[in-house]
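None of these values were measured; they are calculated from a predicted model.
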Amino acid sequence: MTATDGPVIGHAEELTREHAKLTGDPNNSLGKLARYLRGEHDLPYMPHGAKAEYGSLAKKSIAPWLPLISETYVKGLFVDGDRPAKSTTDARP
C-alpha cells in the first residue's frame with residue numbers, strides 16, 4: 001500500500017456508508033466496491049474441473065487496480081513553495 005491508499009480507501013468507505021443511508025439499502029450494495037478498494041478481490045472465472053495450476057495462475061492474476069484510478073491524479077500534485085499573502089519569498093518548511 002502506498003501512503004495515499006489509507007485516505008483514499010477511508011473516503012471511499014465513507015461514501016459507501018453515506019450512499020447506504022441515502023438509499024435505505026441495509027445490505028450496502030456497494031460492498032463489493034469497498035472490498036475491491038481494500039484489495040479483497042473475487043477469484044476470476046475458472047471452468048469446473050480446472051487443474052491446480054490453473055487455480056494458482058488465477059490467484060496470481062489478481063491485481064489491485066481500483067485505487068490506482070484515484071491515486072494517479074494525486075501523485076501528479078505537489079507543493080512548489082508556500083508563500084504567505086503579501087510576501088515576496090517562500091515560507092520556511
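Applying the salt bridge (Lys or Arg N to Asp or Glu O under 4.0 Å) test to every pair with at least one member in residues 42-69, sequence neighbours left out, gives these pairs: Lys32-Asp42, Arg35-Asp42. Listed by first and then second residue, the side chain to side chain donor-acceptor pair (under 3.5 Å) pairs involving residues 83-93 are Arg83-Asp90 (not counting sequence neighbours).
Hydrophobic clustering, defined by side-chain heavy atoms of Ile, Leu, Val, Met, Phe, Trp and Tyr closer than 4.5 Å, groups Ile62 together with Leu43, Met46, Tyr54.
Taking each heavy atom of Ala58 and Ser61 in turn, the nearest pair found is O-OG, 2.7 Å.
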